[in-house]
Structures are given as C-alpha cells and as structure tokens.
Amino acid sequence: MSQFQTFAMVDWSGGNDTGPTRRKDAIWACIVRNGKVLDPEYLRNRLVAEQWLDALIHAELMAGRRLLLGFDFPFGYPCGFARAMTGTDDPLALWDWFDQHIEDSPKANNRFDLAGRINLQFGGRGPFWMNGLRRDIDGLPRTKSDYSNPFPNRRAVETLAKGSFTCWQMAGAGAVGGQVMMGLPVLNRLRHRFAGQISVWPFETLDKPVAFVEIWPSLTLGAPPEGRIKDEWQVEQVALTLSGLTEQELDAQLNVSAAEEGWILGVPQDKPNIAPPPLRNDCFALPAGVNWTPVDEALAYLRDRLHPITASETMALTKACGRVLAGDVVARRSNPPLPNTAVDGYGFAGPAPDGPQIMPLIDGRAAAGIPFEGDVPEGRALRVLTGAALPAGVDTVILEEDVTVKDGHIAFHGPLKKGANTRRAGEDVAAGDIALSAGRRLTPADLALLSAVGIAEVNVRKPLRVAVVSTGDELVEAGERAGPGQIFDANRPMLLSLIERMGFVPVDMGRVSDDRDALRDRLDQSAERADVVLTSGGASAGDEDHVSALLRQAGAMQHWRIALKPGRPLALGLWSGVPVFGLPGNPVAAMVCTLIFARPALGLMSGEGWVEPQGFEVPAAFEKRKKPGRREYLRARMRDGRAEVFHSEGSGRISGLSWAEGLVEIEDGARHVKPGDMVRFLPYGSFGV
C-alpha cells in the first residue's frame, strides 16, 4: 500500500503573516526525499504555504514519486458536526463547506466570526469557544464558562492521544481550532486542483500518488536541541522518522478505520504500541521430504522466513548506545562543517614553489571556535591553530615546526602543494548523506559521529525481549539440595548471560518440571512478557519431550534434525504468535545451537539484520578425523597463533565451554585435520559474547 519515496511534514498556523524573519508559531515544512532530508522551509503565511505545497505536489507528480504529506491539525470533527453543517456524514463535504465560508488573506481572516455564526445556529452556546480578538463576537464566548456543546467534546482519537487539544477551542496556548478552520480550505483547494491524484487518510483508500495524513509531532517528540526553533525541528524529525519506517511498519500505522472523525497517525486504535506484523505459522517449515538438514540450509531457511518483530521509538542520542537503528540517519550538517586546518601553523594561498619562501604576516589569528574576521591577501600569511576554520584567502597551511618567524615575516622551504595540512568541508560526511544505515547497533563511536553531524535524537528499535525457560524434573537451582539423579540448572544462567551479552533483554522465566500443564502455563506467561522464547530440554521428538509435544499440539511446530555435532535436535515453532526456539538440554549443545542458529535469528528479529559470525583461517594445533555427513563445532582457543581444541569432545563436559575462547568449525564433508592444517576459528566475540 505505501511505497512512498517522498515524505513531507507541515506545521500549520491559524494566525496572520509572521513576517520575513524566521520565527516560531509560523508555518514550517520539511521534505525527506529518497532518504535525504532538505532544509526546513519557513512559510510566512498561508498564501505562501499553499503555493509551496502546490509546487511540491506538482514536482513529485512530474517525477513519478509517491508523496506522503503530513499536517498537524485535525482533518475531521467529532461525530455529528459534518451532518449538522452539510446534511451528510462525509467529512470531505465539510472541507468544501469551510472552503466556501472562510475568508483569508495574509493580514486578516474571519475564523472567529465564523465560529460565532456557527454557535448561533445552536443557540449561541457552543460548540466553539475562546475568542482571541480584542473585540466581542456575538455567539463566541471568551472562556468556557456556561459552555454547552451539542456534539462530543473530543474525537475518539483525542481520548487516546495524551495532551491533544479539542478542535472546538479557537484560541489559547496549544489551541488547534483556528488551524483546522484555516487549514481545511487550503487542503480542499489542493485536493480539487489535483483531482484524482490525492487521497485523504483515513477517509479514502491510499491508492493515489499523493496522500494527505494527519500527524501531531508534539504527541511523540520532546524538546528541540538548544538553538533550534521547536516547529522547525519537529517537522524535520517527523519527516525523517516517516522515511525511516519500513513499508510494513508504515502500512500497519495506516491501517485505521475512522471514516467520519479522522485519526492521528501513530496513535493505535486498540493497542499501546504499533509493531510489525507477526511471524507466519509456517515461518520454520521445511520443504516436504526434508529430514536431516545441513547447517547452511537451516540458516538459509531462518534468514528467508524471519523478519523484524520489534516496534520503533525515538530517543535521545545520548541514551541510544547499544540500540538498533530503525531507519537510515541522514547527516544534518557536514563534518567538518567548514574547511579547517589540521595542524598549528601558518595559512596562506597555496601552492608554494620549490626553494626558500618569505611571506609577511598579517595581524590576528584563527583558532578553533574563534574565526578570523576578514580576508588574507595573496602572498601574505596568518597564524592558524588546529581546528580553526580557514579564512577567505587561505587554502594551505605550513607546520609551525617548519617555519622561522622574525620581524613580522615567516620563512620556510618549499615546495608545498595547495591544500596541504587542511581538511575539506564535508570530507568525512557531507550534509544530506546517510551517516549510518538502518540495522546498525549503535556504538560509542557511532554516537560521536552522529553528534558531529547534528543528530540529537534517533529512531531506534525497541529492545528484543528474550525469555529463557529450563525444563526437566532433574533440575534444581544451584545452591539448593540436589537429591539422587538431580543436577543443577547450568543452562539458564548461561543462556540469560548470552542474551544480555548479545544486546537483547533477557527475561528469566525459571525452571519447569516435566509437566505439560505447568509448561503450557509457563509458555503462556513467556509469550506475554517476551518477543522470543528460548527453552532448553524437551526439544527431541519423544513422548516425554514436552516442548516439542506442546508446539505440535499448537499446530505451529517444526522439529529440525540438524546435521551438526553437538546439538542435532532443534524444535522451532510459534506459541501465541511468539517464536520459540527449543534448544537441546545438554549445555554444550544448547550453547552451540544458540550461537549458530539463535544468534543470527534474534538479530534479524531485533531489526539488526542477519549477522554472520566472523571466522579466521588459522593453523591447527591438533589432529582430528571426521566422517562426512554433518558439521562439527569443537571447543577451541588460540595459543601461539594456533587453534587448540578441548581434550574431550564429550557434550557433557561443560568445563570445555569455559576453557574455550570460541569454536573451530569443521565442514560437512570428510576431513582429516593434521597439525598445521588451516581450520576456521570462530571467536566467541564474533557472536557478540
């Protein structure tokens, strides 16, 4: 449905012309086209704004790009008002009515008088209130006292949108009533001017090249960075956020039914958060006839069938380290913003020819944050310090260590090429370029980069919550008394720590005995609290393997027999729409399956994308004979540039996991590894742990 290439946001105003100087409480607009943000536009009055919108729509239509245009005022009124004014419930008929009755010019308009005339039709006591003019207006009260409204006070969406204002309030801080009256006629004229090219959401199907959408930035965005006009900053951030949504995420937000009153994009109708669509019941299904599954085929199926399942949110950059970007981040400012000097020295117009050079110095200097006011004449030099913006006339810098200074002159030896010891504006990142791409898990270095290009907030994925459940009558908690045949639960603390180290949120759901009712209840609880569930134990196909059995009963289970050692059984399925990875109960097999299969799958579902572990070809310090038919992972570590493997391959030897620093991967075919042969070593760090 969506597939928009251009997104624009407009912050409207019901007032008069705001003058030539950029200021708050004016009309502001911003465009993001094909992922690149343009500078916000200051539109001093509605005539200028209508001309700007006309030109934008025309340009996008001519270029064959689909355009989503957001506006920050209601597109409809509470139920009953449209019929009272036009004889029909059609909100677009009300648009026509206002277009016929509103009088507007840059210096004056009749919105308050029209509100008074409407009130008089209903006995003079509503629905509109608050006169913002110095003169009295018949029918329009100055306050809400003695207020009587024949219609609902708010639209349904406004009861869900915290902090929103009713469209009946015509004046006062935050009021939107005047914006509605002065905005709908403009949108109506554009709708008729580009007949057949514009759809109005949610009243019409979005099957036209242009969509008009109601969005209120103040419901989701906080305070702007210091020095930015709030409206200017908000239209930019909304346009960037919209452009960063996946097609599925945007379609989910546009899937709203509010035919008469309209809706605010981003406010869910019946859920607190809007998330991508759930996984299909067949997301883990293998083709018919497949029994033993090679590792690479199993990974390919997971990669093909899974998709991000986390919603997104906007947060301060300083709080976003470790979070996954939900969309591309476009640089607002170049880095460096201006040409500058890379060293302490003396700047002049280059190049300098071979041989001794003598130049007179001019008074003053340029330092970082303290630019030189004026030009540097050709043939003269100026003292410059590292990071200083190059003044006009300077494009080359000689290091101070290579200079003699005396009697107001400098002397040095050439040659020196033009541009030496300087940095070009934007040589690192240019304004409008993509600084970081969607799916990036933000690092401290990323925060430095985004700060340098003017980014204060980012749209990130909400953290993926991963529940961990241990199953089995034989398990007891470490520190408790273990009876005959009982063992301490080693898997749960291992898996919870792995999840946290990988950058996800671990949810400890404890241990469950081999009781299907108890396990069913624990899976229900896990599905409510987490986005993904990892279980250990009960993943085989036997009658007492309760995880597999319950997933089969739910009709959403695939039992994969993976051709690998250790860890062949892997149960995959959905429980109440939540993906479940049924890991082997053996700790070594559970860890190997988590690293090889769960780690890339969790990354994909978190929005990070499919992350392949980075392997290194290193010489072996061991001998190993392997039969064909399955892939093997040996616990290994690096010593003196060679890969050592644990002395035992027994899958119950947990000490080998602690001893190791990673895994050696032995391919599917037959192999006789001798000392010195090259093998593939996968450090634990390449899995993010």
Go through it in stages, so that I can follow the logic: the residues are N149 and W129, the test is side-chain hydrogen bond (donor to acceptor under 3.5 Å, both in side chains), and I'd like the CA-CA distance, side-chain angles, deciding distance and then a yes or no. CA-CA 10 Å; N149 192 350; W129 58 277; over 6 Å; no
As a quick check of understanding, evaluate ring-ring contact (aromatic ring centres under 6.0 Å, His included) for W95 and F75, giving each step before the final call. CA-CA 9 Å; W95 286 30; F75 283 7; 5.5 Å; yes
Step by step, work out the salt bridge (charged side-chain N to carboxylate O under 4.0 Å, His left out) result for E232 and R23. CA-CA 9 Å; E232 173 199 16; R23 49 162 286 186; over 6 Å; no
Could you please spell out the steps behind the side-chain hydrogen bond (donor to acceptor under 3.5 Å, both in side chains) verdict for W216 and E214? CA-CA 7 Å; W216 290 17; E214 179 185 340; 3.1 Å; yes
In sequence, state the C-alpha distance, the side-chain angles, and the governing distance for F112 and F128, and then conclude on ring-ring contact (aromatic ring centres under 6.0 Å, His included). CA-CA 9 Å; F112 293 110; F128 295 100; over 10 Å; no
Could you please spell out the steps behind the side chain to side chain contact (heavy atoms under 4.5 Å, CB included) verdict for D531 and V578? CA-CA 6 Å; D531 305 303; V578 173; 5.8 Å; no
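Taking the six-membered ring for Trp and the full ring otherwise, the centers of W168 and F81 sit less than 6.0 Å from each other. F212 and F71 have their aromatic ring centers within a separation under 6.0 angstrom.
For CG of D39, the number of neighbouring non-hydrogen atoms (other residues, nucleotides, ligands) closer than 6.0 Å is 12 at most. By the neighbour-count criterion of 12 heavy atoms within 6.0 Å, atom CZ of R333 is sparsely surrounded, having that number or fewer from other residues, nucleotides or ligands. Enclosure of atom NZ in K36 is not indicated, since only 12 or fewer non-hydrogen atoms of other residues, nucleotides or ligands lie within 6.0 angstrom.
Here P506 pairs with L496, I499, E500 under the side chain to side chain contact (heavy atoms under 4.5 Å, CB included) rule; sequence neighbours left out. Among residues two or more places apart in sequence or in another chain, the salt bridge (charged side-chain N to carboxylate O under 4.0 Å, His left out) test is passed with D446 by R440. A search for side chain to side chain contact (heavy atoms under 4.5 Å, CB included) contacts involving A63 returns R65, not counting sequence neighbours. Y42 meets the ring-ring contact (aromatic ring centres under 6.0 Å, His included) test with W28; sequence neighbours excluded. Residues meeting the salt bridge (charged side-chain N to carboxylate O under 4.0 Å, His left out) test with D25, sequence neighbours left out: none.
Pairs passing the salt bridge (Lys or Arg N to Asp or Glu O under 4.0 Å) check and including a residue from residues 236-245, sequence neighbours excluded, read R228-E236, E236-R332.
A donor-acceptor pair under 3.5 Å is formed between the side chain of N119 and the backbone N or O of G139. The closest donor-acceptor contact from the side chain of Q5 to the backbone of Q3 lies under 3.5 Å. Formation of a donor-acceptor pair under 3.5 Å by the E528 side chain with backbone atoms of Q525 is not found in this model.
With respect to F98, the side-chain contact (heavy atoms from CB on, under 4.5 Å) criterion is satisfied by exactly one of L114, V180, N188: L114.
Note: H192 NE2 to D96 CG = 4.0 Å, rounded to the nearest 0.5 Å.
Using a 4.0 Å cut-off between charged nitrogen and carboxylate oxygen, R33 and E60 count as a salt-bridge pair.
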